[in-house]
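Heads up, the thing below is written out as structure tokens.
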Amino acid sequence: MYLQTLDPSSPRQLTLFNEQWQFQLADTQPDKDQWQAVTLPHDWSVSQPFSEQYEGATGYLPGGQGWYRKRFSLDCEPDKRALLVFDGIYNHASLTLNGEPLHHQINGYTPFYLDITNRLRQGDENELVIHVDRSRIADSRWYPGAGIYRNVHLLLTNELHIPLWQHHLTTPQVSEERAVVSHCIALSKPLPKDADVELQMEVFDVNSQTPLACVSQTASTASEHTLSLEIAQPKLWSPDSPYLYRCVTSVRCNGVEVDRLEQPLGIRWFEFDPSGGFSLNGQALQIKGVCLHHDGGLVGAAVPDSVWTRRLLTLKQAGVNAVRSAHNPASASFLSLCDKLGLLVQDEFFDEWDYPKDMRLNMGDQTGDALSQGYAHFFADNAKRDLSNALLAHRNHPCIFMWSIGNEIEWTYPRNAEATGFFDAQWSGNYFWSMPPHSPEQIQHYLDTLPRQTHDIGETAQMLSAWVKQLDSTRPVTANCILPSASFLSGYAEALDVVGFSYRQVIYPYAKQHYPQYPIIGNENLPQWHEWKAVLDNPQVAGVFLWTGIDYLGEMHNKWPEKATGSGLLDGAGFPKPSYYLFKSLWQDSPTLTLTTCECDLDSYRVGPATQQAFERDSEAWKTRLWLWPEQYRHWNYDEQTVLIQAYSNCEELELEVNGRVIGRVRVDQQADRVCRWAIPFENGQVIARGYTQGQPVCEDCLVSSGAPSGLTLTQEPTSLETDDATHIAVQLQDAQGVAVRHQQMALTFELSGPAELLGVDNGAIDNVAAYQGGRVSTSQGRALALVRRNGEGLVTLQVSANGDIHQSLILR
């Protein structure tokens, strides 16, 4: 293939290198006759059937060894450089070019690049072969994917250029009146003798061709240069207004432009205060965050931008303003979306350091078998390079406001748990809600006297933090501490600018009392009201990251057929769950109200005889709820029984009406867990809840009894199908009157015609083990999802059949 997309007049050309690859699965050498055409990003694991024979920790999908091949022609002029840029290959990837070894990459999440200039066959075809060894099917605690699952780019530059990732765009001084923008850059080579080299930086409004500000200076050496300029009355980047300027930096040699680098610029400043929490652009802002793994459900780890766009926008509609990448660096595409959409990002580097975790059971390694050999076995030799690559590649994204060096690392250094007193023979209790059994003085004593391992958690943390600060001092370093009472004294917290707590809201006051100098944030929290209440009650805590924003594949050891973890606010198909509606009522300012129903267990609830309002018999139960919620539904179809109606709202009062009969009003703030409940004997018809604020109706929600399924509604999101993009089609059962049927399930078959590809179908249920690419799925709550990508021009039609006798088609625009 010849790359005809390159513009020879441009001094720097970055081109997607995703087309015309070939792939095959083979345990040894690839078979010359078994290659199949693929387009990157590509995840071979998710395209296989689920099977109980595989490992639930990684989603009951296979690993194996994959081979990728790409043949291309590229005539690289003598004064040009050619680089291949990989955003992620999972994992243990060995690359060869024209039969010669090029690179070996172990970490599956870290970006890397290779200068192939001197390896190219000029005027002839080149062959790039990549062997990916994902034979360790339990090498992760969640679904990692397999293959070249992120973008690949080809970068062509002149010999004299700004090296890839060797430039840092910062805003060292920001106020509402003015902003200083600085671009620190290096040059790729010693400057030619007697050359006149000029550096220039311009900042543009998003749609303007006239710069707002410009600065230039001459360069006499290739060492670092800093260009700085001022912008008056800057438009500040924030979750509510994610404004991005365009920054253009160019290099001219003897009057000729030899390099030109364009990138978005977000101007903002932020602060973590040990006593006052977090502020952005001078305004207090509570972090309303979610943790996200990198899979996209039915597409596995090879996630189109449109999938993340739909998911992130849905989360933003609930008031989410931040994301934590769990537990490895996010993709460049994901970060660019967060820049544009306005989501703060905590970018995390590692889930393991010196010692391994048990991939199937978490905590310390308990099996040690070859199939579960993860990154800890390679940490010592690779950590600095992998951390540096990820940080350098990502540091110019304005969405990133924290670097996390690790997740729940303390489990793997046993003396830390021993020092706290948890989990020993003398202690009994629930870790989530118990104070540390040992006092700070006792913990320090044990840390001083217990036998040390070869590696020390505090020393490793300080090493990692130092690497981060060498490359970027503009953002704080954090980590997700599962045993913070020990981390405050082990040297771990000393390496951090902000101490992140993992499920330890119970010691927020303890931390303020004993370690008031440290800013605190909840880096991993249960998706329950009590977690947010703890933040409201402790203003020194910057906010939370809920586990999780979206259900994710894996972490299901020996739980077949459950292949995904169901703690998300959204399910695996991106549909909202009851926890989503709760947090929408807590985090969203505009009036919101959502009803759910389920069978009422009268042993668990008492019912007010006059109001029919329901209350949990255990009035304290809400305080210790964990990740998973009981099943709740968005329908009004039951037998003759008592039904529990639950309402999630931020209104002051709610009024319930059943078939035109007003049951009564209740105040939301008088419900201990912020949920209003009624226990109603079922009667066919409809229930309506109305929300009132200051005595005025501001919103309502309604559930209507439906008849038998007789039709389907197909809704396309987004409403246009662009080439190479993906569009979602939500399918919902409906009755003869057009009412959504959510209490009955039917088997759906999907058929696609025209120049497009059916990427997969899903219903969002964690126990759905139908192959994503099989074109068949049963509904869950009466609904399902299809994902379609166009691959040419022409009419595209999707036809969906339910139980073989209900048909509906949709022309995709």
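Worth knowing before you read on, the calculation uses all heavy atoms, side chains too, and leaves out hydrogens, waters and symmetry mates. Here the structure is a predicted model, which is why all the values come from computation and not from measurement.
- Using a distance-only test at 3.5 Å, with no hydrogens or angles considered, no donor-acceptor pair links the side chain of D205 to the main chain of S208.
- The aromatic ring centroids of H294 and W142 lie 6.0 Å or more from each other.
- With ring centers used as reference points, W467 lies 6.0 Å or more from F350.
- Going from atom CD of Q105 over to atom NE2 of H92 covers 10.0 Å, rounded to the nearest 0.5 Å.
- Checking Q346 against N523 by side-chain atom types alone, a donor-acceptor pair falls below 3.5 Å.
- T117 and D115 share a side-chain donor-acceptor pair at under 3.5 Å.
- The salt bridge (Lys or Arg N to Asp or Glu O under 4.0 Å) contacts involving residues 209-219 comprise nothing, where partners must be two or more places apart or lie in separate chains.
- The ring pair (Phe, Tyr, Trp, His ring centres under 6.0 Å) contacts involving residues 172-228 comprise H167-H183, where partners must be two or more places apart or lie in separate chains.
- Counting heavy atoms from C-beta outward, R385 and F112 have side chains that stay 4.5 Å or more apart.
- A donor-acceptor contact shorter than 3.5 Å links the side chain of D347 to the backbone of A330.
- Counting heavy atoms from C-beta on, the side chains of P398 and R268 come closer than 4.5 Å.
- The shortest distance between side-chain heavy atoms of V85 and W165 falls below 4.5 Å.
- Residue pairs meeting the salt bridge (Lys or Arg N to Asp or Glu O under 4.0 Å) criterion with at least one partner in residues 157-186, sequence neighbours excluded, are R81-E159, R178-E230.
- Under the salt bridge (charged side-chain N to carboxylate O under 4.0 Å, His left out) test applied with D259, the options R252, K189, K80, R12 reduce to a single match, R12.
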Test side-chain hydrogen bond (donor to acceptor under 3.5 Å, both in side chains) applied to D139 and N91, step by step: CA-CA 10 Å; D139 66 345; N91 61 352; 3.0 Å; yes
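- Side chain of Y245 to main chain of K235: a donor-acceptor pair is present (N/O by atom type, distance under 3.5 Å, no hydrogens or angles).
- Side-chain polar atoms of N18 and N151 form a donor-acceptor pair below 3.5 angstrom.
- The residues R475 and D497 are annotated as not salt-bridged, no charged nitrogen and carboxylate oxygen being separated by less than 4.0 angstrom.
- In this structure, F334 has its ring center no closer than 6.0 Å to that of H397.
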